[in-house]
**Student:** 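Sharing a structure, written as structure tokens. Questions coming.
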Amino acid sequence: MMMKSTLGFLLSQIFVFQQLAVFCASQDFDFFYFVQQWPGSYCDTKQSCCYPTTGKPAADFGIHGLWPNYNDGSYPSNCDNSNPFDPSSISDIKRQLQQEWPTLACPSGDGNKFWGHEWNKHGTCSEDILDQPGYFQAALKLKQQTDLLNVLQNVGINPDGEFYSLTSITKAIKDATGFTPGLECNVDASGNSQLYQIYICVDTSATSLIECPVLPRGKCSSRIEFPIF
């Protein structure tokens with residue numbers, strides 16, 4: 001009897017430790033990177049792209065992800081395999097996600113694979129703060145709040161295939177948001193450096209923009225192309 005009681009106690013403690021491990025993994029981060037990508041730069045590479053099954057996305061920055069991050073530049077990932085992406089959890093905002101968070105990967109898809117990857121790898125690491133619909137809704141609100149294309153066009157920086165200084169792009173976004181963005185570039189089919197992704201830092205509640213504790217290494221030239229889409 002004593003042996004059964006001891007075994008039961010040990011099993012209960014193991015369960016508690018497992019639950020604590022999941023909880024700690026999901027809450028242990030310092031800030032979010034909110035990352036938006038320019039579709040023209042995603043597509044204008046040797047790898048190219050595939051438009052989603054809903055058709056060509058709008059010529060606007062699309063959401064890439066909302067990524068929990070540490071102050072030293074590292075990040076947690078795949079924090080809870082027991083809580084995989086459930087497409088039904090975002091059914092009421094799916095149309096909006098297809099507009100604001102479109103997939104450009106090949107083969108063409110409806111977005112579920114892309115969103116599933118983002119939730120499973122990144123979203124689960126903040127699940128004590130944001131459940132699945134809350135995670136995607138937070139990203140949509142941040143997209144509306146930052147409105148990057150409008151910010152750039154207001155100062156004459158347009159997706160017209162021309163080259164703009166890295167400094168002017170950074171300044172335009174900082175002046176509009178109050179915080180310094182991180183810029184990431186890729187290379188087009190002709191070998192030119194082009195504006196690819198913009199990183200904005202957000203607090204752990206995923207509501208307020210903050211100054212980035214660390215900026216990503218963007219591999220950008222001093223002048224970069226803003227390609228047409």
**Student:** If we count only N and O atoms by modelled type, under 3.5 Å, do the side chains of Gln36 and Thr146 hold a donor and an acceptor together?
**Tutor:** yes

**Student:** Under the side-chain hydrogen bond (donor to acceptor under 3.5 Å, both in side chains) rule, collect the residues that match up with Asn71, sequence neighbours excluded.
**Tutor:** none

**Student:** Does anything in residues 73-96 pair up under ring pair (Phe, Tyr, Trp, His ring centres under 6.0 Å), and if so which pairs, sequence neighbours excluded?
**Tutor:** Phe85-Phe136

**Student:** When hydrophobic residues are tied together by side-chain contacts of less than 4.5 Å, even through go-betweens, does Leu140 share a cluster with Ile198?
**Tutor:** yes

**Student:** Please identify each residue that fulfils side-chain hydrogen bond (donor to acceptor under 3.5 Å, both in side chains) with Ser91, with sequence neighbours left out.
**Tutor:** none

**Student:** Could you tell me if the side chain of Ser126 sits less than 4.5 Å from the side chain of Phe32, heavy atoms only?
**Tutor:** yes

**Student:** Using every non-hydrogen atom in the two residues, find where Cys79 and Thr124 come nearest and quote the distance to one decimal.
**Tutor:** N-OG1, 3.1 Å

**Student:** Should Tyr196 and Val187 be regarded as members of a common hydrophobic cluster, given that ILVMFWY residues are connected when their side-chain heavy atoms come within less than 4.5 Å of each other, either directly or indirectly?
**Tutor:** no

**Student:** Hey, are Ser190 and Asn192 close enough side-chain-wise for a donor-acceptor pair under 3.5 Å?
**Tutor:** no

**Student:** Pick one: which of Trp115, Trp67, Phe114 meets ring-ring contact (aromatic ring centres under 6.0 Å, His included) with His122?
**Tutor:** Trp67

**Student:** Name all pairs fulfilling the salt bridge (Lys or Arg N to Asp or Glu O under 4.0 Å) condition that reach into residues 192-220, sequence neighbours left out, sorted by first residue then second.
**Tutor:** none

**Student:** Which residue pairs pass the salt bridge (Lys or Arg N to Asp or Glu O under 4.0 Å) test with at least one member in residues 49-65, sequence neighbours excluded?
**Tutor:** Asp60-Lys143

**Student:** Is the backbone N or O of Ser41 less than 3.5 Å from a side-chain atom of Gln194, with the two atoms forming a donor-acceptor pair by type?
**Tutor:** yes

**Student:** Is it the case that the side chains of Asp86 and Gln132 hold a donor-acceptor pair, with the cut-off being a distance below 3.5 Å and no angle test?
**Tutor:** no

**Student:** Walk me through whether Phe31 and Tyr33 qualify under ring pair (Phe, Tyr, Trp, His ring centres under 6.0 Å).
**Tutor:** CA-CA 7 Å; Phe31 68 98; Tyr33 275 139; 5.1 Å; yes

**Student:** Taking the six-membered ring where the residue is Trp, are the ring centres of Phe226 and Trp38 under 6.0 Å apart?
**Tutor:** yes

**Student:** List in chain and number order the residues that pass ring pair (Phe, Tyr, Trp, His ring centres under 6.0 Å) with Trp119, two or more places apart in sequence or in another chain; answer none if no residue qualifies.
**Tutor:** Tyr135

**Student:** Side chains of Ser165 and Thr167: do they bring a donor and an acceptor to under 3.5 Å?
**Tutor:** no

**Student:** Name every donor-acceptor pair, under 3.5 Å, that has one atom in a side chain of residues 149-163 and the other anywhere in the protein, sequence neighbours excluded.
**Tutor:**
residue: Asn154; atom: ND2; partner: Asn150; partner atom: O; Å: 3.3
residue: Asp160; atom: OD1; partner: Glu162; partner atom: N; Å: 3.0
residue: Asp160; atom: OD1; partner: Tyr164; partner atom: OH; Å: 3.1
residue: Asp160; atom: OD2; partner: Tyr164; partner atom: OH; Å: 2.9

**Student:** Report the residues that fulfil salt bridge (Lys or Arg N to Asp or Glu O under 4.0 Å) with Asp147, sequence neighbours left out, ordered by chain and then residue number.
**Tutor:** none

**Student:** Does anything in residues 174-195 pair up under salt bridge (Lys or Arg N to Asp or Glu O under 4.0 Å), and if so which pairs, sequence neighbours excluded?
**Tutor:** Lys171-Asp175

**Student:** Please round to the nearest 0.5 Å and tell me the distance separating atom CD of Gln145 and atom OG of Ser208.
**Tutor:** 7.5 Å

**Student:** In terms of hydrophobic clusters joined by side-chain contacts under 4.5 Å, are Ile228 and Leu104 together?
**Tutor:** no

**Student:** I'd like to check the side-chain contact (heavy atoms from CB on, under 4.5 Å) partners of Leu215; sequence neighbours left out, ordered by chain and number.
**Tutor:** Thr180, Cys212

**Student:** Please output the side-chain donor-acceptor pairs of residues 46-55 that fall under 3.5 Å, not counting sequence neighbours, one pair per line with the distance.
**Tutor:**
residue: Thr53; atom: OG1; partner: Gly109; partner atom: O; Å: 3.3

**Student:** What residue pairs, at least two apart or across chains, pass salt bridge (Lys or Arg N to Asp or Glu O under 4.0 Å) with a residue in residues 107-118?
**Tutor:** Lys94-Asp110

**Student:** Which heavy atom of Leu66 sits nearest to which heavy atom of Ala206, and what is that distance?
**Tutor:** CD2-CB, 4.2 Å

